[in-house]
Asks: 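First, the structure itself, so that you have it in front of you.
Numbering of ligands and ligand atoms starts at 1, following listing order. Side chains are part of it too, since the values below use all heavy atoms of this structure and drop only hydrogens, waters and symmetry mates.
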Amino acid sequence: MPSSSSLILQPLVLPSTTPRIAFSRLVFLPRSLSPRLRAVSLSTIAMAEPERTKLPHVLTVAGSDSGGGAGIQADIKACGAMGVYCSSVITAVTAQNTVGVQGVHPVPEAFIEEQLNSVLSDMEVDVVKTGMLPSPGVIKVLCDSLKRFPVKALVVDPVMVSTSGDTLSAPSTLSGYRDDLFGMADIVTPNLKEASALLGGMQLQTVSDMSLAAKSIHKFGPKNVLVKGGDLSGSSDAVDVFFDGETCYELHGSRVQTRNTHGTGCTLASCIAAELSKGSPMLEAVKAAKAFVENALHYSKSIELGSGPQGPFDHLFRLKSPPYNVAPGLKFQPDDLFLYAVTDSGMNSKWGRSMTDAVEAVIKGGATIVQLREKQMETREFIETATACMEICRLHKIPLLINDRVDVALVCNADGVHVGQSDMQARTVRALLGPGKIIGVSCKTISQAEQAWMDGADYIGYGGVFPTSTKKDNTTIGLEGLKEVCLASKLPVVAIGGIGIGNANLVLGTGVKNLKGVAVVSALFDRESVEGETKELRSVLERMLSSVSEGTVVL
Ligand SMILES: Nc1ncnc2c1ncn2[C@@H]1O[C@H](COP(=O)(O)OP(=O)(O)OP(=O)(O)O)[C@@H](O)[C@H]1O
Ligand SMILES: Cc1ncc(CO)c(N)n1
Ligand SMILES: [Mg+2]
């Protein structure tokens with residue numbers, strides 16, 4: 001939470017095109033403090049930096065798929081798409097296409113060992129991901145290599161049978177997986193058939209069977225288990241079950257209607273490995289991987305390759321879409337939600353001020369994030385206004401979000417988008433904006449908050465807390481509803497709806513987990529002095545915050 005005295009020293013990461021000079025700067029939390037403090041914060045010290053960039057690195061130990069949709073080929077493309085370097089140790093060469101597997105040619109174990117030695121001894125691997133390990137001997141070689149060259153994480157996809165029904169690893173590998181490799185794994189990712197085989201043929205037909213299976217497989221020693229439900233018959237969504245040893249999570253995604261699902265499992269495990277190599281926590285890595293697979297399937301629905309029943313999909317779909325080339329904006333920090341200003345041009349014209357003047361004033365007053373919410377403005381005017389506001393926000397290092405209009409956000413390279421329940425789904429917004437942008441979702445219920453998290457949003461807006469004139473027909477849920485959703489939410493929350501100087505303390509005073517701030521429209525913009533009102537609200541919030549943190553809340 002913001003505090004006027006907290007100072008941190010933070011390295012400034014420069015884009016790769018910038019001359020190789022590193023700066024360090026003093027950064028105060030939150031981003032908008034007084035101009036005096038900001039001036040101090042920007043004093044930079046130039047110093048020489050060695051010429052070295054460490055790329056996150058995944059090593060895949062898997063089989064080649066001549067059709068290019070699964071195996072090593074999927075792994076390399078998936079890691080590339082996630083921005084991670086991928087080396088490969090090939091365990092077998094398969095002759096494979098959309099019809100099935102026509103042949104398997106295992107690589108001799110001694111030569112697999114040689115490949116492992118070459119890469120692990122030299123190339124600073126962060127994460128190892130395994131796919132097709134055709135024999136128990138290969139598993140043994142791999143375990144020995146990992147003991148000699150430990151890595152940060154091990155992702156085991158226990159590939160046994162292809163979807164076409166062809167055997168990719170001997171049944172005798174089962175005990176190698178269970179007794180040797182699983183105990184070293186950070187996560188194992190069996191599909192339904194593999195989970196069943198690992199558990200001696202246990203029937204898996206429902207999501208609760210999947211949970212039981214995840215818990216049983218966990219007993220073999222991996223830190224986490226993900227039982228994948230791509231092949232769960234009769235399921236209208238794509239549900240996977242994640243178990244971390246304590247909690248079982250059902251991860252629900254939309255089921256894409258397509259024949260092009262060959263290689264989803266390899267891709268999912270590689271994306272998890274890629275996210276782990278970048279430093280993501282496990283559950284976040286799994287979520288990001290699942291969202292990637294779903295998006296890739298969605299964007300590849302129309303691909304026609306081969307005459308068989310299961311086609312490949314396009315891992316590099318993002319390259320085709322120019323929006324993905326937009327520069328990342330300010331990285332999301334939950335504390336930015338502290339004083340969240342939402343614009344309204346009707347109020348600005350009432351008080352005779354321009355949008356840019358209003359945005360500048362609200363930032364000077366102490367707003368920590370700005371959202372342009374313009375329901376009536378023509379597209380061209382909206383883009384011009386948003387571009388001008390972006391300049392002001394960039395200058396002050398305050399994130400600018402656009403309500404609903406992903407197109408406007410892309411054109412003006414805003415820091416993100418805020419969507420409501422009837423706007424574009426957050427996962428689609430994420431697919432369009434890419435991973436570096438901020439996405440917020442308005443939610444009224446716990447299940448909407450859960451869905452926002454699943455969709456890859458960064459925060460939720462919860463409201464209306466109090467009655468408001470800004471939104472007609474908006475149900476008021478009150479402070480009790482706010483507390484309930486905050487406690488259940490996995491994302492930071494900003495409260496909205498009828499909040500102003502007179503009642504903001506009631507909101508922050510709840511002191512409830514995940515509540516990071518208040519979003520305000522009329523109380524800032526339907527006033528004569530935007531800057532003055534914002535300053536006053538900011539000081540009310542800061543006073544409330546310090547009494548909450550000292551445990552001396554007086555309402
Ligand atoms: N049609 C689909 N729509 C959305 N997600 C899907 C679909 N099919 C599979 N998935 C997702 O893809 C991931 C891989 O699951 P799946 O059960 O297909 O693995 P697999 O059988 O090991 O894959 P492979 O085809 O590589 O053998 C899971 O997250 C699953 O939910
Ligand atoms: C080489 C290889 N690895 C894994 C799979 C599972 O999809 C496959 N079909 N082929
Ligand atoms: Mg499958």
Side-chain angles (χ1 to χ4, degrees), residues 60-76 78 88-107 129-134 155-169 187-197 204 207 210 213 226-233 235-242 249-272 285-301 308-313 315 427 454:
T60 170
V61 183
S64 161
D65 168 8
S66 57
I72 287 278
Q73 288 80 359
D75 298 346
I76 294 175
S88 53
V89 163
I90 300 191
T91 58
V93 182
T94 69
Q96 202 174 160
N97 57 20
T98 61
V99 178
V101 181
Q102 289 80 42
V104 176
H105 190 70
V107 171
K129 177 254 161 186
T130 72
M132 177 178 175
L133 303 175
V155 176
V156 174
D157 184 22
V159 170
M160 289 169 197
V161 183
S162 74
T163 311
S164 52
D166 301 280
T167 302
L168 296 171
S169 83
I187 183 165
V188 300
T189 63
N191 63 19
L192 292 179
K193 278 191 204 136
E194 290 151 357
S196 165
L204 295 176
V207 176
M210 290 166 70
L226 182 75
V227 176
K228 299 173 293 189
D231 300 326
L232 192 69
S233 58
S235 154
S236 56
D237 52 1
V239 53
D240 302 336
V241 171
F242 176 80
Y249 299 82
E250 285 176 22
L251 305 178
H252 291 264
S254 304
R255 180 170 289 277
V256 181
Q257 295 307 327
T258 174
R259 81 182 251 278
N260 297 328
T261 56
H262 179 64
T264 44
C266 308
T267 304
L268 187 82
S270 293
C271 290
I272 295 172
V286 171
K287 272 172 51 191
K290 189 165 167 57
F292 177 86
V293 170
E294 188 185 311
N295 278 322
L297 293 180
H298 177 75
Y299 281 93
S300 305
K301 277 190 290 197
Q310 207 195 19
F313 57 93
H315 293 78
R427 75 177 60 201
M454 269 306 301

Asks: Please tell me if the side chains of Ile187 and Val286 come closer than 4.5 Å, counting only heavy atoms from C-beta onward.
Replies: yes
Asks: Spell out, as yes or no, whether a donor-acceptor pair under 3.5 Å connects the side chain of Arg427 to the backbone of Asn295.
Replies: no
Asks: Within the 4.0 Å heavy-atom shell around His262, which atoms of ligand 2 are there?
Replies: 9 (N)
Asks: May I ask you to test the Lys301-Asn260 pair for a side-chain heavy-atom distance under 4.5 Å?
Replies: no
Asks: What's the separation between atom CD1 in Ile72 and atom OG1 in Thr60, rounded to the nearest 0.5 Å?
Replies: 4.0 Å
Asks: Near Ser64, which atoms of ligand 2 are under 4.0 Å from a heavy atom of that residue?
Replies: 1 (C)
Asks: Using a 4.0 Å cutoff against the non-hydrogen atoms of Cys266, which atoms of ligand 1 qualify?
Replies: 26 (O)
Asks: When you measure from the heavy atoms of Ala70 to every atom of ligand 1, does any distance fall below 4.0 Å?
Replies: no
Asks: Is there side-chain contact between His262 and Thr98, with heavy atoms separated by less than 4.5 Å?
Replies: no
Asks: Looking only at distance, does His262 have an N or O less than 3.5 Å from an N or O of ligand 1?
Replies: no
Asks: Does ligand 1 come near enough to Leu268 that some N or O of the ligand is less than 3.5 Å from an N or O of the residue?
Replies: no
Asks: Among all protein heavy atoms, pick out the one at the shortest distance from atom 10 (N) of ligand 2; state its residue, atom name and that distance to 0.1 Å.
Replies: Gln96 NE2, 3.2 Å
Asks: Tell me which part of Asn191 gets within contact of ligand 1: side chain, backbone, both or neither, using heavy atoms under 4.0 Å.
Replies: side chain
Asks: Please check this pair: side chain of Ser66 against backbone of Gln96, looking for a donor-acceptor N/O pair closer than 3.5 Å.
Replies: yes
Asks: Looking at Ala291, is its backbone amide N or carbonyl O close enough to the side chain of Glu294 to form a donor-acceptor pair, meaning the two atoms are under 3.5 Å apart?
Replies: no
Asks: Are the side chains of Thr267 and Phe313 in touch, meaning some heavy atoms are under 4.5 Å apart?
Replies: yes
Asks: Please list the nearest protein heavy atom to atom 1 (C) of ligand 2 with its residue and the distance rounded to 0.1 Å.
Replies: Gly63 O, 3.3 Å
Asks: Which bit of Val293 gets closer than 4.0 Å to ligand 1, counting heavy atoms only: side chain, backbone, both or neither?
Replies: side chain
Asks: Identify, by atom number and element, the atoms of ligand 1 in contact range of Leu297, meaning under 4.0 Å from any of its heavy atoms.
Replies: 2 (C), 3 (N), 4 (C), 5 (N), 6 (C), 7 (C)
Asks: Under 4.0 Å from a heavy atom of Ala238: which atoms of ligand 1 are those, numbered in the order shown and with their elements?
Replies: 4 (C), 5 (N), 6 (C), 31 (O)
Asks: Should Val107 and Thr91 count as side-chain neighbours, where that means a heavy-atom distance under 4.5 Å?
Replies: no
Asks: Taking the side chain as every heavy atom from C-beta outward, state whether Met210 and Leu192 have any pair of such atoms under 4.5 Å apart.
Replies: yes
Asks: Name the residue from Val239, Val241, Leu226 that meets the side chain to side chain contact (heavy atoms under 4.5 Å, CB included) definition with Leu251.
Replies: Leu226
Asks: Taking 4.0 Å as the limit for heavy-atom contacts, which would you say applies to Asp157 with ligand 1: side chain only, backbone only, both, or neither?
Replies: neither
Asks: Heavy-atom distance to atom 4 (C) of ligand 1: which of Ser254, Gly230, Ala296, Gly253 wins?
Replies: Ser254
Asks: Under 4.0 Å from ligand 2, counting heavy atoms only, is it the side chain of Ala92, its backbone, both or neither?
Replies: neither
Asks: For ligand 2, which atoms have a heavy atom of Val159 less than 4.0 angstrom away?
Replies: 4 (C)
Asks: Would you mind running through ligand 1 and noting each atom that sits below 4.0 Å from a heavy atom of Asp240?
Replies: 28 (C), 29 (O), 30 (C), 31 (O)
Asks: Under 4.0 Å from a heavy atom of Lys228: which atoms of ligand 1 are those, numbered in the order shown and with their elements?
Replies: 14 (C), 15 (O), 17 (O), 19 (O), 20 (P), 22 (O)
Asks: Taking Asp240 for its side chain and Gly229 for its backbone only, find out whether a donor-acceptor pair lies under 3.5 Å.
Replies: yes
Asks: Based purely on interatomic distance, does Thr258 place a nitrogen or oxygen under 3.5 Å from a nitrogen or oxygen of ligand 1?
Replies: no
Asks: Output yes when a side-chain donor or acceptor of Asp157 lies under 3.5 Å from a complementary backbone atom of Val159, and no otherwise.
Replies: no
Asks: Give a yes or no on whether the backbone of Val93 and the side-chain of Ser64 come within a donor-acceptor separation of less than 3.5 Å.
Replies: no
Asks: Select the closest option to atom 14 (C) of ligand 1 among Asp231, Thr264, Ile272, judged by heavy-atom distance.
Replies: Thr264
Asks: Look at atom 3 (N) of ligand 2 and say which protein heavy atom is nearest, naming residue and atom and giving the distance to 0.1 Å.
Replies: Gly71 CA, 3.6 Å
Asks: Can you list the ligand 2 atoms lying under 4.0 Å from a non-hydrogen atom of Cys266?
Replies: 4 (C), 5 (C), 6 (C), 7 (O)
Asks: With heavy atoms of Gly263 as the reference, note each atom of ligand 1 found under 4.0 Å away.
Replies: 25 (O), 26 (O)
Asks: Can you tell me which portion of Leu168 lies within the under-4.0 Å heavy-atom range of ligand 2? Options are side chain, backbone, both, or neither.
Replies: side chain
Asks: For ligand 1, which is the ligand I care about here, please tell me if Gly265 has any N or O atom under 3.5 Å from one of the ligand's N or O atoms.
Replies: yes
Asks: Using modelled atom types and a 3.5 Å cut-off, is there a donor and acceptor pairing between side-chain atoms of Lys129 and backbone atoms of Ile272?
Replies: no
